Protein chains: 2
Amino acid sequence: MASIRDVAKLAQVAPSTVSLVLNNKGYVSEVSRKKVLDAIEKLNYVPNELARNLYRNSTNIIGIIVPDVAHPFFGAFIGALEIALYKYNYKIMVCSTIERENAEHEIVDMLRRQMIDGIIMGCHSLEVDLYDNVNKPIVAFDRIINNKIPIIRSDHEKGGRLAAQAMLKAGCKYPLQITGIKNSSMSAYLHHSAFKDELSRNGIEVINYEMEWNKFDMNYFKRVAVDVFEKYPHIDGVYGADMVVCACLGEARKRKLDIPKDIKFIAYDGTFITESSFYNITAIVQPINILAQKTAQMIVSLIKNENIEKEVIVPISIRYGDTC
Amino acid sequence: MASIRDVAKLAQVAPSTVSLVLNNKGYVSEVSRKKVLDAIEKLNYVPNELARNLYRNSTNIIGIIVPDVAHPFFGAFIGALEIALYKYNYKIMVCSTIERENAEHEIVDMLRRQMIDGIIMGCHSLEVDLYDNVNKPIVAFDRIINNKIPIIRSDHEKGGRLAAQAMLKAGCKYPLQITGIKNSSMSAYLHHSAFKDELSRNGIEVINYEMEWNKFDMNYFKRVAVDVFEKYPHIDGVYGADMVVCACLGEARKRKLDIPKDIKFIAYDGTFITESSFYNITAIVQPINILAQKTAQMIVSLIKNENIEKEVIVPISIRYGDTC
DNA sequence: GTGAAAGCGCTAACAG
DNA sequence: CTGTTAGCGCTTTCAC
């Protein structure tokens, strides 16, 4: 591995001159510049980023924690974040907490150890106090951690209301919603309670079906779907996150229900799977790209020590499909 | 930021002693150890990983390139890789090439600059010569780069054959396969040609429908589905990757075809979306966890300079659903 | 314009 | 068992 000193030696200049050329800083005579560039070429020299990182005390890497990369919502979010952060010259390092409980500790630790410049926290931590003494850039995505850490999320209250209104308009009388909520600090709580309230205000009571929390595999959702229809065969509307609604649609088919006549479905999130199913599923669509852009912007501002808003709420909308 | 020197000063020992304590190396008297630990506690000291990285000339980060993190296959692969690599104490850094053409250059560059210790290359590069002079750990996932870089993939030939046999058994006479292949170095080529050959051997000709390459969005697949049925309304079997098969199923529904009586479907990959659709889609299932484990194992061996196999081929199987 | 020198924070020889 | 010292490879003052 050629170092900057080797280049300097070959070019017959000082290491600092090489550095200036590399970083396009200060003034370097054309003669020296040429000699340096030639030497770099000849030695096939590549600067060592680790030394730079040490000097600058930063890596231009942002850590991202999500429950599960393979989940369509988080997958899309991460993809969008990668692109958004790239514009600010940051790379991403992804950690999933599902199946790896201590991922959260680890990434906070990496922040402390200077391995990453900031964290985008998109999972539902149970150990909020983990973040108490970390006075470094952290942005919370769709989750309240503490009152110091800024948060970005969709307008879930409106999302829940939109869904409720669509159910009402479609003439739904016995709606059921499937929740997977640990506690009210999770913002999913917001749309589910808005959904319930809005319907209730119109004289319709929503059945709450509670799932296990932080479960994302299709087989589990299928079991939930079976259970939902066994316990509540009379329902004529289902509201829940994309994947579980997909599973319920499949179950409705097995039960030979006519969709949307017999039963209506609205999915929350509106990831590609609501469009890839047999039916186009009516969905409340979270604007993933905008969320990612805002999140990227915020973590970068935080790193630069700029002023930021404590809360960014992004508008949400409904996309009508065949199921409601 | 407290440094190792501050700790040493407070503990009244030398920095090297602190280092020994931190790394649990060599012998340190209980008295010194205690003093050091106290000082660390008091100063809230956290070692700076960047300095370590510089010294060791490694970061324990593996770069992963895929076309699209949000794609269900790659999402699952990345999730599995994260877990597999975690066991070897590596973190991952993800890059998608879709929408970011130069991601590939960048990540190779990071390898050169010592920012990452190795690369798992899971996208279909068009610039194979990019890798010619990189004499560092690279593993190719499902893709031939050059004869120096080891490859891991499923047994696609068998996958194609299994699909063909299932189609035959189901009595399919006019199968169509949807490909998205750039050139024969892509291993998708293998299963598609095996599929065609196997059916041909049984007197059945497969129609080839060629999609654009490296396109992964659902809307595109839906357009493809419409086009497929418009051009070839008489087909009674569709074979292709998960997402496009999902789209075709949706189109078949619109055309009121009876599934699987009128038309059969087999999806290649078998990601969760084949199980989340209205139907359980019959699929050739790539063993993502095993692929990820083998890939992780291989890149780690490569980093450690151990001997490795040049090619690892993992068995594949068919999962019967409702569509064939 | 350019070079010498200090230092980012840590590790590992090597004396003692 | 512990301290001194010399780097890892780069950047940046600060003289010249």
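The chains referred to below are lettered A, B, ... by the order of the sequence lines, with proteins before strands, and numbering in each begins at 1. Nothing here was measured: the structure is a model prediction, and the numbers come from that model.
- Residues A76(A) and I288(A) share a closest heavy-atom pair of CB-CD1, 3.6 Å.
- Taking the ring axis of Y86(B) as reference, the NZ or CZ atom of R100(A) stays within 45° of it and closer than 6.0 Å to the ring centre.
- Looking only at side-chain heavy atoms (C-beta outward), L50(B) and N57(A) come within less than 4.5 Å of each other.
- Expressed to the nearest 0.5 Å, how far CD1 of I308(A) lies from CG of L302(A) amounts to 4.5 Å.
- Q286(B) and S154(B) are linked by a side-chain donor-acceptor pair at a separation below 3.5 angstrom, with hydrogens and angles left out of the test.
- Side chains of E82(A) and S96(B): a donor on one and an acceptor on the other come within 3.5 Å.
- Across all strands, S19(A) comes closer than 4.0 Å to base atoms (heavy-atom distances).
- Within residues 23-38 of chain A, the residues approached by DNA chain D to less than 4.0 Å at the level of any non-hydrogen atom are N23(A), K25(A), in residue-number order.
- Between Q114(B) and N48(A), the side chains place no donor N or O within less than 3.5 Å of an acceptor N or O (distance only, hydrogens not considered).
- Residues from residues 10-17 of chain B lying near DNA chain D, meaning a heavy-atom separation below 4.0 Å, are Q12(B), V13(B), A14(B), S16(B), T17(B) in numerical order.
- Annotation: the terminal axes of the helix from dG1(C)-dC16(D) to dG16(C)-dC1(D) meet at 40°, where each axis is the rotation carrying the C1' atoms of four end pairs onto the next four (5 pairs per end, rounded to 10°).
- Exactly one of V134(A), I138(A), N135(A) qualifies for a side chain to side chain contact (heavy atoms under 4.5 Å, CB included) with K148(A). That residue is N135(A).
- When DNA chain C is scanned in the 5' to 3' direction for atoms under 4.0 Å from non-hydrogen atoms of chain B, the outermost contacting nucleotides are dG9(C) to dA12(C).
- For the atom pair CG of L81(B) and CG of L85(B), the computed distance is 5.5 Å after rounding to the nearest 0.5 Å.
- Between atom CD1 of residue I120(B) and atom CD1 of residue I299(B) there is a gap of 5.5 Å, rounded to the nearest 0.5 Å.
- Atom-to-atom distance recorded for D217(B):CG and H71(B):NE2 is 11.0 Å, nearest 0.5 angstrom.
- Between D38(B) and K42(B) there is no salt bridge, since none of the side-chain N atoms of the basic residue sits less than 4.0 Å from a carboxylate O of the acidic one.
- For the segment residues 48-61 of chain B, residues with any heavy atom less than 4.0 angstrom from an atom of DNA chain C are, sorted by number, N48(B), A51(B), R52(B), Y55(B).
- In this structure, I313(B) and R153(B) have side chains that are in contact, with non-hydrogen atoms separated by less than 4.5 Å.
- A donor and an acceptor atom, one from each side chain of S29(B) and S32(B), are located under 3.5 Å apart.
- You can see that DNA chain D meets the heavy atoms of chain A within a 4.0 Å-exclusive cut from dG9(D) to dT12(D), reading 5' to 3'.
- Going from atom OG of S3(A) over to atom OH of Y45(A) covers 7.0 Å, rounded to the nearest 0.5 Å.
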Exercise. Could you check M115(A) against I61(A) for side chain to side chain contact (heavy atoms under 4.5 Å, CB included), going step by step and ending with a plain yes or no?
Key: CA-CA 8 Å; M115(A) 272 285 279; I61(A) 300 175; over 6 Å; no
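- Side-chain contact between R52(A) and N23(A) is present, with heavy atoms from C-beta onward closer than 4.5 Å.
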